[in-house]
There are 2 protein chains.
Amino acid sequence: MARKKTKQLSPAALELLAARFRVLADASRLGLLHALMDGERNVNQLVELTGLAQANASKHLSQLADAGFLNRRRDGLYTWYGIADPSVFELCDLMCGSIARKLGRDLQEIA
Amino acid sequence: MARKKTKQLSPAALELLAARFRVLADASRLGLLHALMDGERNVNQLVELTGLAQANASKHLSQLADAGFLNRRRDGLYTWYGIADPSVFELCDLMCGSIARKLGRDLQEIA
DNA sequence: TGACGGTATGCTTATTCAGGAATATAGTCA
DNA sequence: TGACTATATTCCTGAATAAGCATACCGTCA
């Protein structure tokens, strides 16, 4: 057998992956996720916690839910959002570690 | 001691994290990273592997290097790029797993 | 039923940014 | 030096999208 080459990823797969990273590529949405670390919250609570405008928060929450990162649960007047996929926190932790390493390297270059 | 509340993340920290996710939120850049899984490549090789235009590839490579995901190494006429932070592949793997779980859930809803 | 609180949606504007084309820069070799 | 190759940069245009505002939707309660 010839040397194994890395399997080619289809453009569609790359775009799917990119689209999902794009959902995390916004500070407002990251703030919402962070505010949900301790459990379910409704929209008004999230507005208070994050300082976002209500309409804005609602739109971001919809995006996060559509992407599958959040659950929405309707209860009377309130809509409760919660984490549907905890791996989102692993992603953030990994990325934070990556940031730390980069800043460390940047520091080396200056010193 | 009062009930421990989740530590508040500063807007600047959220923006920093978001900016880093933004670098991964593009199919062309993900393709370049993927093409570098097997080791260093120069720009022309990456252009061939990905089908990107040279100027475009060069710009994306600069972004990836600025973010600290890639190294650049100059050798005569060639610029060799390589993975500086392998955790980028962990990030992609995690995200792919998250996609798979979401698609699984979507499937359930239809069935 | 009507009034109200909570949430979602449509419209508009401003900004960001990817891609293409042309060009500039830099290193090599005759 | 000048021609040539590899890579980077600049300018431009079009598309995506976040935020603000107004308003529509929906469930509750008097």
Side-chain angles (χ1 to χ4, degrees), chain A residues 9 11-36 40-82 84, chain B residues 11-12 14-36 40-82 84:
Chain A
L9 279 179
L14 292 174
E15 180 50 42
L16 191 61
L17 194 52
R20 214 165 163 76
F21 276 120
R22 209 173 296 134
V23 177
L24 299 186
D26 181 277
S28 298
R29 287 191 287 275
L30 292 178
L32 288 166
L33 288 169
H34 187 253
L36 288 166
E40 270 189 333
R41 303 273 187 213
N42 63 42
V43 179
N44 267 338
Q45 291 175 328
L46 290 168
V47 164
E48 293 240 340
L49 285 168
T50 61
L52 296 173
Q54 182 273 318
N56 210 5
S58 184
K59 280 183 277 195
H60 285 307
L61 289 166
S62 288
Q63 287 187 64
L64 288 164
D66 289 347
F69 291 121
L70 297 185
N71 294 320
R72 58 153 58 85
R73 181 174 67 82
R74 201 71 178 262
D75 180 32
L77 271 182
Y78 302 87
T79 307
W80 296 88
Y81 283 92
Chain B
L14 292 174
E15 181 50 42
L16 191 60
L17 194 51
R20 215 164 162 77
F21 276 119
R22 210 173 295 134
V23 177
L24 299 185
D26 181 277
S28 298
R29 285 192 287 276
L30 292 178
L32 288 166
L33 287 170
H34 186 254
L36 288 166
E40 270 189 335
R41 304 273 188 212
N42 64 42
V43 179
N44 267 338
Q45 291 174 329
L46 290 168
V47 163
E48 292 239 339
L49 286 167
T50 60
L52 295 173
Q54 182 272 318
N56 210 3
S58 184
K59 279 182 280 193
H60 285 307
L61 289 166
S62 287
Q63 286 186 67
L64 288 163
D66 289 348
F69 291 121
L70 297 185
N71 295 320
R72 64 154 51 90
R73 180 173 67 82
R74 201 70 179 262
D75 180 33
L77 272 182
Y78 302 89
T79 306
W80 297 87
Y81 284 92

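Here is the naming used below: chain letters follow the sequence lines, and residue numbers restart at 1 for every chain. Side chains included, hydrogens not; waters and symmetry mates left out as well; all remaining heavy atoms used. This structure is a prediction, so every number in the text was calculated from the model and none was measured.
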Next item on the list: Give the rounded distance in Å between these two atoms: CH2 of B:W80 and C1' of C:dG27.
Entry: 15 Å
Checklist line | Contact interval (first through last nucleotide) of DNA chain D with protein chain B, 4.0 Å heavy-atom | finding: D:dT5 to D:dT10
Next item on the list: Nearest whole angstrom, please: distance from the C1' of C:dT25 to the CZ of B:R72.
Entry: 14 Å
Next item on the list: Starting from C1' on C:dA26, measure out to CG on B:D75 and report it in whole angstrom.
Entry: 14 Å
What's touching nucleotides 10-14 of chain C from the protein side, N or O pairs under 3.5 Å?
| unit_1 | atom_1 | unit_2 | atom_2 | d |
| --- | --- | --- | --- | --- |
| C:dG10 | O6 | A:K59 | NZ | 3.2 |

Margin query: Regarding B:Q63, tell me which of base, sugar-phosphate or nothing describes its non-hydrogen contacts under 4.0 Å with the strands shown.
Written below: sugar-phosphate
Item checked: Earlier contact from the 5' end, DNA chain D, for A:A53 and A:G76 -> A:A53
Next item on the list: Might you point out which heavy atoms bring A:G31 and B:L14 nearest each other, and give the distance in Å?
Entry: CA-CD1, 3.8 Å
Check: Roughly how many Å is it from CZ in A:R73 to P in C:dG6, rounded to a whole number?
Finding: 17 Å
Notebook entry, point to check: Between C:dG19 atom C1' and B:L32 atom CG, what is the distance in whole Å?
Noted result: 14 Å
Checklist line | Between CD on residue A:Q54 and NZ on residue A:K59, distance to nearest 0.5 Å | finding: 9.5 Å
Check: Does a nitrogen or oxygen in the side chain of B:S28 sit under 4.0 Å from OP1 or OP2 of C:dG19?
Finding: yes
Check: So which heavy atom on A:Q45 is nearest to which on A:E40, and how close?
Finding: OE1-O, 4.4 Å
Item checked: Between C:dA18 (P) and B:L64 (CG): distance, integer Å -> 11 Å
Next item on the list: Hey, could you give me the OG1/CG distance between B:T79 and B:L61, rounded to the nearest 0.5 Å?
Entry: 9.5 Å
Next item on the list: For A:Q54 and for A:L77, locate the closest nucleotide of DNA chain C by heavy-atom distance; then report the residue assigned to the nucleotide nearer the 5' terminus.
Entry: A:L77
Margin query: List the residues meeting side chain to side chain contact (heavy atoms under 4.5 Å, CB included) with B:N44, not counting sequence neighbours, and say none if there are none.
Written below: B:N42
Checklist line | Between CG on residue B:L52 and NE2 on residue B:H60, distance to nearest 0.5 Å | finding: 6.0 Å
Checklist line | Nearest non-hydrogen partners of A:A35 and A:R41, listed with the distance | finding: O-NE, 3.8 Å
Item checked: Approximate separation, where rounding is to 0.5 Å, of A:Y81 OH and A:L64 CG -> 9.0 Å
Item checked: Of A:S58 and B:R29, the one whose closest DNA chain C nucleotide lies more 5' -> A:S58
Next item on the list: Kindly say if B:H60 contacts the phosphate of C:dG19, meaning a side-chain N or O under 4.0 Å from OP1 or OP2.
Entry: yes
Check: What closest approach, in Å, do B:N71 and B:A84 show between heavy atoms, and which atom pair accounts for it?
Finding: OD1-CB, 3.2 Å
Check: Over how many whole Å does the gap from A:Y78 atom OH to C:dA8 atom C1' extend?
Finding: 17 Å
Check: What is the distance, rounded to the nearest whole Å, between atom CG of A:N56 and atom C1' of C:dT9?
Finding: 13 Å
